[in-house]
Structures are given as C-alpha cells and as structure tokens.
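Comments concern the structure below.
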Amino acid sequence: MILQLLYTSLSRYERGHESDLLILQSAMQSNRELGITGYLLRDTHSFCQVIEGLPEVVEPLFASIARDHRHFGVVLRHRALQPTRNFLGWSMGYASLSPEDSAYLSTAFADQPRGMVMAFRKISRLVAKH
C-alpha cells in the first residue's frame, strides 16, 4: 500500500523567492532517490503539497518537511493508504496558482476523499495551458 499525505502551509516568503527553486530542486532529487511521488502547488503566500510513497518513507519525510524553516502553520489535510499512486511519474510536479485557482482548490478536496486528486488534476491542466 502507498501512503498519500496532503498538507497546506504558509510560506515565510512570497512566491518567486529564491527558496521556491531550492525547495523544488531538493524535492525532485531526494524524492527520486526515496521513491516518493507528488505535486507541489504554490500561491502567493502558501503551499499545498501531496506526497506519496511507502509509509516508512513518507512519515519521516513529512516530519522533516513540517520542521522546515521556510514555512509555518503546517496542517495535515489528508492521510490515506492507497493501492496505487495518483502522481506516478512525478518525483515532484509543481504549479504556481492564480488567486482563482487557489480558491477553487481550497474547497475542491474538502467534500470527498478523491476530490483532492481531481482538484490537483484540474489545476494542473489549467496551469499547463498558460
């Protein structure tokens, strides 16, 4: 089984700060080595990220992410064991959100367990068109 976590947090820096690139580069490298897949969404002041992989790898990774000084107010929004990955092929996908996309995502995954994945897919398609 694959453990899938989704969390949100508030960034200490506005979108576009050099720390964004460092986070993405580090995640892409280490996630590939750890067998983690996922997606990071960024709006002006916050992060929303899904990470998935073996539970014994995801749990300590999330603990490390939660302690990272570049953000605060980390809230675990979704935690579930899944038979398969939803972000296969993405060591770490990334999208920058408009205020409208951010508002959509904030409500889209709240009502149903699979809603979070559908919201990420919709946002990813919207961002890819721009």
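Under a hydrophobic clustering in which Ile, Leu, Val, Met, Phe, Trp and Tyr are joined whenever their side-chain heavy atoms come within less than 4.5 Å, directly or via other members, Val75 and Leu41 fall into different clusters. Met1 and Ile51 fall within a single hydrophobic cluster, where Ile, Leu, Val, Met, Phe, Trp and Tyr side chains are chained together by heavy-atom contacts under 4.5 Å.
Taking NE2 of His71 as the start and OG of Ser19 as the end, the distance is 10.5 Å to the nearest 0.5 Å. In this structure, Phe62 CZ and Arg67 CZ are separated by 10.5 Å, a value rounded to the nearest 0.5 Å. In this structure, the separation between CG on Leu40 and CE on Met28 is 11.5 Å, given to the nearest 0.5 Å. Taking CD1 of Ile65 as the reference point, atom CD1 of Ile23 lies at 9.5 Å (rounded to 0.5 Å). Atoms CE and OH, from Met92 and Tyr39 in turn, are 10.5 Å apart once rounded to the nearest 0.5 Å. In this structure, Leu5 CG and Gln49 CD are separated by 9.5 Å, a value rounded to the nearest 0.5 Å.
Here the shortest heavy-atom pairing between Gly53 and Ile36 reads CA-CD1, 4.2 Å. Nearest heavy-atom pair, Leu6 versus Cys48, reported as atom, atom and distance to 0.1 Å: CD1-SG, 4.0 Å. Of all heavy-atom pairs between Tyr7 and Val74, the closest is CD1-CG1, 4.0 Å.
With no hydrogens or angles considered, no side-chain donor-acceptor pair links Gln25 and Gln29 at under 3.5 Å.
Using a 4.5 Å heavy-atom threshold, the side chains of Pro55 and Leu81 count as touching. Considering only heavy atoms from C-beta on, Arg85 stays 4.5 Å or farther from Trp90 through its side chain. Counting heavy atoms from C-beta outward, His45 and Glu14 have side chains that approach closer than 4.5 Å. Put simply, the side chain of Ile2 does not reach to within 4.5 Å of the side chain of Asn86, judged on heavy atoms.
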Query raised in the report: Step by step, would you call Glu18 with Tyr13 a side chain to side chain contact (heavy atoms under 4.5 Å, CB included)?
Result: CA-CA 9 Å; Glu18 66 182 342; Tyr13 311 102; over 6 Å; no

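The closest donor-acceptor contact from the side chain of Ser26 to the backbone of Leu22 lies at 3.5 Å or more, if one exists at all.
Other members of the hydrophobic cluster containing Phe72, listed by chain and number, are Leu10; membership follows side-chain contacts under 4.5 Å among ILVMFWY residues, whether direct or relayed.
Applying the salt bridge (charged side-chain N to carboxylate O under 4.0 Å, His left out) rule to pairs touching residues 34-62 yields Asp20-Arg42, Glu59-Arg79, sequence neighbours excluded.
Applying the ring pair (Phe, Tyr, Trp, His ring centres under 6.0 Å) rule to Phe47 yields no partners; only residues at least two apart in sequence or on another chain are considered.
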